[in-house]
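Here's the structure we're looking at; comments come further down.
It should be emphasised that the depicted structure is a prediction, and the values quoted were computed from it without experimental measurement. Ligands are counted one by one from 1 in listed order, and the atoms in each one are counted from 1 as well. Hydrogens, waters and symmetry mates play no part in the numbers below; they use all other heavy atoms, side chains included.
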Amino acid sequence: MSENLRIAVIGAGGKMGMRVGANLQRSDWDVVYTEQNPEGAKRNEDAGRTIISNEEAVPTADVVIFAVPDTALNPVTTAIVPMMKSDSVVLTLDPAAAYANQLFMRDDLTYVVAHPTHPSVFLERTTPEEWADTFGGIAAPQNAVAAMFTESDKWKPIAEKVIATMYGPVLKVYWASVHDLAVLEPTLNETIGCMIGQFLKDALDHTVEVTDMDEDTVKAMFYGHVYIALTNALRGSNPFSDACLLAMDYGREAIIKDDWKRIYDDKDLDIVIAKMLKLDKIER
Ligand SMILES: NC(=O)c1ccc[n+]([C@@H]2O[C@H](COP(=O)([O-])OP(=O)(O)OC[C@H]3O[C@@H](n4cnc5c(N)ncnc54)[C@H](O)[C@@H]3O)[C@@H](O)[C@H]2O)c1
(Lines give C-alpha, C1' and ligand atoms only; values in the text may rest on other atoms or scores of the structure.)
Protein backbone atom coordinates (compact mmCIF):
# COMPACT_ATOMS: atom_id res chain seq x y z
CA MET A 1 0.00 0.00 0.00
CA SER A 2 2.61 2.53 1.05
CA GLU A 3 4.53 1.83 -2.16
CA ASN A 4 1.51 2.89 -4.24
CA LEU A 5 0.64 6.04 -2.34
CA ARG A 6 -0.58 9.14 -4.09
CA ILE A 7 0.38 12.25 -2.14
CA ALA A 8 -0.83 15.81 -2.78
CA VAL A 9 1.16 18.79 -1.46
CA ILE A 10 -1.02 21.89 -1.05
CA GLY A 11 0.95 25.16 -0.92
CA ALA A 12 3.87 23.49 -2.68
CA GLY A 13 5.58 26.81 -3.46
CA GLY A 14 5.87 27.99 0.15
CA LYS A 15 8.80 27.58 2.53
CA MET A 16 7.78 24.14 3.78
CA GLY A 17 6.11 23.15 0.53
CA MET A 18 9.41 23.57 -1.31
CA ARG A 19 11.29 21.60 1.36
CA VAL A 20 8.91 18.65 1.62
CA GLY A 21 8.32 18.74 -2.16
CA ALA A 22 12.04 18.35 -2.88
CA ASN A 23 12.24 15.28 -0.63
CA LEU A 24 8.99 13.67 -1.79
CA GLN A 25 9.98 14.22 -5.43
CA ARG A 26 12.82 11.72 -4.89
CA SER A 27 10.46 9.07 -3.45
CA ASP A 28 8.80 6.25 -5.39
CA TRP A 29 5.36 7.61 -4.58
CA ASP A 30 3.09 9.43 -7.00
CA VAL A 31 3.38 12.99 -5.72
CA VAL A 32 1.35 15.92 -7.07
CA TYR A 33 1.63 19.59 -6.22
CA THR A 34 -0.79 22.52 -6.02
CA GLU A 35 0.03 26.19 -5.50
CA GLN A 36 -2.14 29.29 -5.94
CA ASN A 37 0.68 31.82 -5.99
CA PRO A 38 2.34 32.32 -9.42
CA GLU A 39 5.82 32.84 -7.92
CA GLY A 40 5.44 29.69 -5.82
CA ALA A 41 4.24 27.83 -8.90
CA LYS A 42 7.32 29.00 -10.82
CA ARG A 43 9.63 27.83 -8.02
CA ASN A 44 8.13 24.36 -8.45
CA GLU A 45 8.36 24.40 -12.23
CA ASP A 46 12.03 25.46 -11.91
CA ALA A 47 12.59 22.47 -9.61
CA GLY A 48 10.95 20.09 -12.10
CA ARG A 49 7.62 19.75 -10.28
CA THR A 50 4.40 20.39 -12.21
CA ILE A 51 1.63 22.36 -10.55
CA ILE A 52 -1.91 21.06 -11.05
CA SER A 53 -5.27 22.20 -9.67
CA ASN A 54 -6.68 21.10 -6.30
CA GLU A 55 -9.59 19.50 -8.19
CA GLU A 56 -7.13 17.34 -10.12
CA ALA A 57 -4.81 16.58 -7.21
CA VAL A 58 -6.99 16.04 -4.16
CA PRO A 59 -9.84 13.56 -4.90
CA THR A 60 -7.47 10.70 -5.77
CA ALA A 61 -4.82 11.37 -3.09
CA ASP A 62 -4.21 8.98 -0.20
CA VAL A 63 -2.39 11.66 1.79
CA VAL A 64 -2.95 15.40 1.46
CA ILE A 65 -0.20 17.54 2.98
CA PHE A 66 -1.34 21.04 3.91
CA ALA A 67 1.82 23.17 3.66
CA VAL A 68 -0.08 26.46 4.02
CA PRO A 69 0.26 29.05 6.79
CA ASP A 70 -1.53 28.11 10.01
CA THR A 71 -3.72 31.22 9.71
CA ALA A 72 -4.99 29.91 6.34
CA LEU A 73 -5.65 26.32 7.43
CA ASN A 74 -9.29 26.95 8.34
CA PRO A 75 -10.40 28.30 4.94
CA VAL A 76 -8.03 26.03 3.01
CA THR A 77 -9.13 22.80 4.75
CA THR A 78 -12.79 23.92 4.49
CA ALA A 79 -12.35 24.20 0.72
CA ILE A 80 -10.17 21.13 0.16
CA VAL A 81 -10.98 18.45 2.76
CA PRO A 82 -14.53 17.89 1.33
CA MET A 83 -12.84 16.92 -1.97
CA MET A 84 -10.81 14.14 -0.32
CA LYS A 85 -11.68 10.49 -0.85
CA SER A 86 -12.96 8.49 2.09
CA ASP A 87 -10.28 6.81 4.27
CA SER A 88 -7.44 9.12 3.32
CA VAL A 89 -5.09 11.23 5.46
CA VAL A 90 -5.00 14.95 6.27
CA LEU A 91 -1.38 15.78 7.17
CA THR A 92 -0.58 19.19 8.64
CA LEU A 93 2.83 20.50 9.65
CA ASP A 94 2.19 22.33 12.92
CA PRO A 95 -0.14 21.54 15.84
CA ALA A 96 -1.52 25.11 16.36
CA ALA A 97 -4.52 24.87 14.01
CA ALA A 98 -5.35 21.31 15.11
CA TYR A 99 -5.13 22.34 18.78
CA ALA A 100 -7.42 25.33 18.08
CA ASN A 101 -10.03 23.22 16.23
CA GLN A 102 -9.44 25.14 13.01
CA LEU A 103 -9.28 22.14 10.66
CA PHE A 104 -12.32 21.06 8.68
CA MET A 105 -13.15 17.65 10.21
CA ARG A 106 -14.63 14.53 8.64
CA ASP A 107 -15.29 11.28 10.50
CA ASP A 108 -14.06 9.12 7.62
CA LEU A 109 -10.55 10.64 7.42
CA THR A 110 -7.41 10.24 9.52
CA TYR A 111 -5.79 13.43 10.79
CA VAL A 112 -2.07 13.59 11.48
CA VAL A 113 0.14 16.54 12.38
CA ALA A 114 3.93 16.26 12.23
CA HIS A 115 6.54 18.83 13.11
CA PRO A 116 10.27 18.53 12.33
CA THR A 117 12.61 18.81 15.33
CA HIS A 118 15.43 20.42 13.28
CA PRO A 119 18.92 18.90 13.64
CA SER A 120 20.16 18.86 17.24
CA VAL A 121 22.64 21.46 18.42
CA PHE A 122 24.66 18.45 19.60
CA LEU A 123 24.54 16.59 16.27
CA GLU A 124 28.00 15.39 15.24
CA ARG A 125 28.08 16.97 11.80
CA THR A 126 30.84 15.46 9.69
CA THR A 127 30.34 16.98 6.24
CA PRO A 128 30.05 20.58 4.94
CA GLU A 129 26.56 19.70 3.68
CA GLU A 130 25.48 18.60 7.16
CA TRP A 131 27.05 21.73 8.65
CA ALA A 132 25.22 23.97 6.16
CA ASP A 133 21.85 22.28 6.74
CA THR A 134 20.82 24.19 9.87
CA PHE A 135 17.06 23.78 9.27
CA GLY A 136 17.13 20.09 8.43
CA GLY A 137 15.53 18.24 5.55
CA ILE A 138 18.61 18.28 3.30
CA ALA A 139 21.70 16.61 4.75
CA ALA A 140 21.73 16.87 8.56
CA PRO A 141 19.67 14.16 10.29
CA GLN A 142 16.77 15.36 12.41
CA ASN A 143 13.73 13.82 14.10
CA ALA A 144 10.01 14.55 13.87
CA VAL A 145 7.24 14.55 16.47
CA ALA A 146 3.81 13.56 15.19
CA ALA A 147 0.30 13.36 16.61
CA MET A 148 -2.90 11.67 15.48
CA PHE A 149 -6.40 12.89 16.31
CA THR A 150 -7.81 9.39 16.06
CA GLU A 151 -5.62 6.32 16.23
CA SER A 152 -5.48 4.38 12.97
CA ASP A 153 -3.50 1.13 12.94
CA LYS A 154 -3.66 1.20 9.17
CA TRP A 155 -2.44 4.75 8.60
CA LYS A 156 0.04 5.23 11.45
CA PRO A 157 2.96 3.29 9.92
CA ILE A 158 2.26 4.75 6.49
CA ALA A 159 2.07 8.29 7.87
CA GLU A 160 5.34 7.63 9.67
CA LYS A 161 7.05 6.71 6.38
CA VAL A 162 5.67 9.82 4.67
CA ILE A 163 6.81 12.03 7.57
CA ALA A 164 10.28 10.47 7.64
CA THR A 165 10.58 10.97 3.87
CA MET A 166 9.29 14.54 3.63
CA TYR A 167 11.47 15.74 6.52
CA GLY A 168 14.37 13.40 5.69
CA PRO A 169 16.96 12.49 6.67
CA VAL A 170 14.99 11.57 9.79
CA LEU A 171 16.39 9.44 12.62
CA LYS A 172 13.10 8.79 14.39
CA VAL A 173 9.44 9.82 14.30
CA TYR A 174 8.16 10.23 17.86
CA TRP A 175 4.41 10.15 18.61
CA ALA A 176 2.57 12.37 21.11
CA SER A 177 -0.92 13.81 21.57
CA VAL A 178 -1.92 17.02 19.74
CA HIS A 179 -2.01 18.79 23.11
CA ASP A 180 1.47 17.66 24.07
CA LEU A 181 2.86 18.49 20.63
CA ALA A 182 1.46 22.00 21.18
CA VAL A 183 3.29 22.12 24.53
CA LEU A 184 6.49 21.45 22.55
CA GLU A 185 5.57 23.81 19.71
CA PRO A 186 5.05 26.66 20.57
CA THR A 187 5.62 26.58 24.35
CA LEU A 188 9.00 24.88 24.79
CA ASN A 189 10.48 25.59 21.36
CA GLU A 190 9.21 29.05 20.43
CA THR A 191 7.85 30.74 23.55
CA ILE A 192 10.97 29.68 25.49
CA GLY A 193 13.71 28.38 23.14
CA CYS A 194 13.46 30.80 20.22
CA MET A 195 12.74 33.71 22.57
CA ILE A 196 15.94 32.94 24.51
CA GLY A 197 17.89 32.51 21.25
CA GLN A 198 16.83 36.00 20.14
CA PHE A 199 17.46 37.30 23.68
CA LEU A 200 21.07 36.07 23.40
CA LYS A 201 21.42 38.13 20.21
CA ASP A 202 19.84 41.18 21.86
CA ALA A 203 22.25 40.80 24.79
CA LEU A 204 25.22 40.45 22.42
CA ASP A 205 24.18 43.64 20.56
CA HIS A 206 23.69 45.49 23.85
CA THR A 207 27.13 44.40 25.06
CA VAL A 208 28.71 45.87 21.92
CA GLU A 209 26.69 49.06 22.42
CA VAL A 210 27.67 49.69 26.07
CA THR A 211 31.38 48.74 25.86
CA ASP A 212 34.39 49.78 23.78
CA MET A 213 34.66 46.28 22.26
CA ASP A 214 33.84 45.51 18.66
CA GLU A 215 31.36 42.79 17.71
CA ASP A 216 34.11 40.28 16.83
CA THR A 217 35.59 40.47 20.31
CA VAL A 218 32.22 40.01 21.97
CA LYS A 219 31.27 37.14 19.66
CA ALA A 220 34.61 35.44 20.28
CA MET A 221 33.88 35.35 24.01
CA PHE A 222 30.14 34.75 23.79
CA TYR A 223 29.73 31.98 21.20
CA GLY A 224 31.97 29.60 23.12
CA HIS A 225 30.20 30.43 26.34
CA VAL A 226 26.78 29.88 24.77
CA TYR A 227 27.92 26.41 23.70
CA ILE A 228 29.38 25.52 27.10
CA ALA A 229 26.23 26.84 28.80
CA LEU A 230 24.09 24.56 26.62
CA THR A 231 26.28 21.50 26.96
CA ASN A 232 26.74 21.95 30.72
CA ALA A 233 23.03 22.51 31.31
CA LEU A 234 21.53 20.07 28.79
CA ARG A 235 24.15 17.31 28.75
CA GLY A 236 25.88 17.75 32.12
CA SER A 237 29.24 17.86 30.31
CA ASN A 238 30.95 19.95 32.98
CA PRO A 239 29.77 21.46 36.24
CA PHE A 240 29.27 25.24 36.18
CA SER A 241 31.88 26.89 38.42
CA ASP A 242 30.80 28.02 41.91
CA ALA A 243 31.14 31.70 40.93
CA CYS A 244 29.18 31.07 37.71
CA LEU A 245 26.35 29.48 39.71
CA LEU A 246 26.13 32.65 41.83
CA ALA A 247 26.03 34.84 38.70
CA MET A 248 23.36 32.55 37.25
CA ASP A 249 21.23 32.96 40.40
CA TYR A 250 21.58 36.73 40.09
CA GLY A 251 20.55 36.62 36.44
CA ARG A 252 17.55 34.39 37.14
CA GLU A 253 16.33 36.73 39.90
CA ALA A 254 16.85 39.82 37.73
CA ILE A 255 15.35 38.49 34.49
CA ILE A 256 12.98 35.53 35.03
CA LYS A 257 9.54 36.06 36.59
CA ASP A 258 8.69 33.76 39.52
CA ASP A 259 5.51 32.51 37.81
CA TRP A 260 7.12 31.69 34.44
CA LYS A 261 5.77 28.12 34.49
CA ARG A 262 2.24 29.46 34.02
CA ILE A 263 2.95 29.39 30.27
CA TYR A 264 2.42 25.61 30.59
CA ASP A 265 -1.19 26.11 31.79
CA ASP A 266 -3.76 25.31 29.12
CA LYS A 267 -5.21 28.80 29.62
CA ASP A 268 -1.88 30.34 28.60
CA LEU A 269 -1.39 27.84 25.77
CA ASP A 270 -4.80 28.92 24.45
CA ILE A 271 -3.71 32.56 24.61
CA VAL A 272 -0.45 32.11 22.71
CA ILE A 273 -2.00 29.86 20.06
CA ALA A 274 -4.91 32.31 19.59
CA LYS A 275 -2.32 35.08 19.08
CA MET A 276 -0.39 32.98 16.55
CA LEU A 277 -3.54 32.14 14.60
CA LYS A 278 -4.86 35.71 14.92
CA LEU A 279 -8.03 34.44 16.63
CA ASP A 280 -9.92 36.25 19.43
CA LYS A 281 -9.96 33.05 21.43
CA ILE A 282 -9.79 29.27 21.10
CA GLU A 283 -13.26 27.72 20.74
CA ARG A 284 -13.76 24.40 22.56
N1 LIG B 1 8.42 27.93 7.90
C2 LIG B 1 8.89 27.16 8.88
O3 LIG B 1 10.02 27.35 9.36
C4 LIG B 1 8.06 26.01 9.39
C5 LIG B 1 8.66 25.01 10.18
C6 LIG B 1 7.88 23.94 10.60
C7 LIG B 1 6.53 23.87 10.29
N8 LIG B 1 5.97 24.88 9.56
C9 LIG B 1 4.55 24.78 9.23
O10 LIG B 1 4.41 24.54 7.84
C11 LIG B 1 3.18 25.10 7.38
C12 LIG B 1 3.45 26.01 6.21
O13 LIG B 1 4.24 27.10 6.66
P14 LIG B 1 5.18 27.94 5.65
O15 LIG B 1 6.06 28.78 6.53
O16 LIG B 1 5.77 27.02 4.68
O17 LIG B 1 4.10 28.85 4.94
P18 LIG B 1 4.33 29.95 3.78
O19 LIG B 1 4.01 31.29 4.38
O20 LIG B 1 5.65 29.78 3.15
O21 LIG B 1 3.15 29.66 2.76
C22 LIG B 1 2.97 28.37 2.19
C23 LIG B 1 2.10 28.40 0.95
O24 LIG B 1 0.73 28.57 1.30
C25 LIG B 1 0.11 29.26 0.23
N26 LIG B 1 -1.07 29.96 0.77
C27 LIG B 1 -1.09 31.01 1.61
N28 LIG B 1 -2.35 31.38 1.88
C29 LIG B 1 -3.14 30.53 1.18
C30 LIG B 1 -4.53 30.39 1.05
N31 LIG B 1 -5.37 31.20 1.69
N32 LIG B 1 -4.99 29.40 0.24
C33 LIG B 1 -4.14 28.57 -0.40
N34 LIG B 1 -2.80 28.64 -0.30
C35 LIG B 1 -2.32 29.62 0.49
C36 LIG B 1 1.14 30.24 -0.29
O37 LIG B 1 0.92 30.49 -1.65
C38 LIG B 1 2.43 29.52 -0.03
O39 LIG B 1 2.92 28.91 -1.19
C40 LIG B 1 2.54 25.80 8.58
O41 LIG B 1 1.66 24.90 9.19
C42 LIG B 1 3.74 26.05 9.47
O43 LIG B 1 3.41 26.17 10.85
C44 LIG B 1 6.70 25.93 9.09
Side-chain angles (χ1 to χ4, degrees), residues 7-24 32-47 49-58 63-84 89-104 111-119 133-138 140 142-147 149 162-164 166-168 170 173-174 176 178 181-191 193-195 197-198 272-279:
I7 301 174
V9 182
I10 314 298
K15 292 181 278 297
M16 292 304 284
M18 288 300 288
R19 292 182 175 118
V20 303
N23 282 338
L24 291 169
V32 290
Y33 309 89
T34 84
E35 173 57 60
Q36 58 158 26
N37 177 290
E39 287 167 19
K42 181 166 183 327
R43 277 194 286 278
N44 277 272
E45 301 291 347
D46 290 348
R49 298 189 283 276
T50 305
I51 295 296
I52 61 174
S53 66
N54 290 326
E55 288 71 16
E56 246 181 302
V58 172
V63 178
V64 179
I65 299 173
F66 289 85
V68 301
D70 298 316
T71 48
L73 272 171
N74 181 267
V76 172
T77 59
T78 302
I80 288 178
V81 168
M83 292 182 212
M84 291 174 65
V89 178
V90 171
L91 177 54
T92 57
L93 309 183
D94 185 280
Y99 177 90
N101 301 311
Q102 292 293 298
L103 304 181
F104 185 93
Y111 289 74
V112 181
V113 44
H115 202 282
T117 61
H118 307 295
D133 184 16
T134 52
F135 190 92
I138 299 172
Q142 62 176 338
N143 301 293
V145 183
F149 288 43
V162 174
I163 293 161
M166 73 178 183
Y167 290 147
V170 161
V173 177
Y174 294 83
V178 171
L181 183 51
V183 170
L184 292 178
E185 182 88 17
T187 301
L188 181 61
N189 291 342
E190 293 172 319
T191 308
C194 294
M195 181 277 292
Q198 184 58 48
V272 68
I273 289 182
K275 277 182 193 290
M276 295 169 83
L277 296 178
K278 304 190 194 322
L279 300 171

Does [Y] offer a backbone N or O that forms a donor-acceptor pair with the side chain of [X] under 3.5 Å?
{"X": "Asn54", "Y": "Thr34", "answer": "no"}
{"X": "Asn143", "Y": "Thr117", "answer": "no"}
{"X": "Gln142", "Y": "Tyr167", "answer": "yes"}
{"X": "Asn44", "Y": "Tyr33", "answer": "no"}
{"X": "Glu35", "Y": "Gly40", "answer": "no"}

Query raised in the report: So is Gly11 in contact with ligand 1, going by heavy-atom distances below 4.0 Å?
Result: yes
Query raised in the report: With a 4.0 Å cut-off on heavy atoms, is Thr92 touching ligand 1?
Result: no
**Report entry** Heavy-atom pair of closest approach, residues Phe66 and Leu93
**Finding:** O-CG, 4.0 Å
Quick one: are [X] and [Y] in side-chain contact, heavy atoms under 4.5 Å?
{"X": "Gln102", "Y": "Leu279", "answer": "yes"}
{"X": "Val145", "Y": "Glu185", "answer": "no"}
{"X": "Leu277", "Y": "Asn74", "answer": "no"}

Would you say [X] and ligand 1 have an N/O pair spaced under 3.5 Å apart?
{"X": "Met16", "answer": "yes"}
{"X": "Asp70", "answer": "yes"}
{"X": "Gly14", "answer": "yes"}

Query raised in the report: Mind checking whether Tyr111 and Phe149 have parallel, tilted or perpendicular rings, split at 30° and 60°?
Result: tilted
Among all protein heavy atoms in this structure, tell me which lies nearest to [atom], with the distance rounded to 0.1 Å.
{"atom": "atom 27 (C) of ligand 1", "result": "Pro69 CD, 3.4 Å"}
{"atom": "atom 6 (C) of ligand 1", "result": "His115 NE2, 3.3 Å"}
{"atom": "atom 19 (O) of ligand 1", "result": "Lys15 NZ, 3.3 Å"}

Can you list the atoms of ligand 1 that are under 4.0 Å from a heavy atom of [X]?
{"X": "Gly13", "value": "39 (O)"}
{"X": "Asp94", "value": "41 (O), 43 (O)"}
{"X": "Leu93", "value": "7 (C), 9 (C), 10 (O)"}
{"X": "Asn37", "value": "37 (O)"}

Name the option, out of [options], that contains the heavy atom nearest to [atom].
{"atom": "atom 37 (O) of ligand 1", "options": "Met276, Glu39, Glu35", "answer": "Glu35"}
{"atom": "atom 12 (C) of ligand 1", "options": "Val76, Val9, Val68", "answer": "Val68"}
{"atom": "atom 35 (C) of ligand 1", "options": "Arg43, Glu185, Gln36", "answer": "Gln36"}

Report summary line: Any heavy atom of Ala67 under 4.0 Å from ligand 1? The part involved is backbone
Query raised in the report: For ligand 1, does Phe135 get within less than 4.0 Å through its side chain, its backbone, both, or neither, judged by non-hydrogen atoms?
Result: side chain
Requested in this report: With side-chain contact (heavy atoms from CB on, under 4.5 Å) as the test, would you mind laying out the steps for Val112 and Leu91 before giving the verdict?
Outcome: CA-CA 5 Å; Val112 181; Leu91 177 54; 3.8 Å; yes
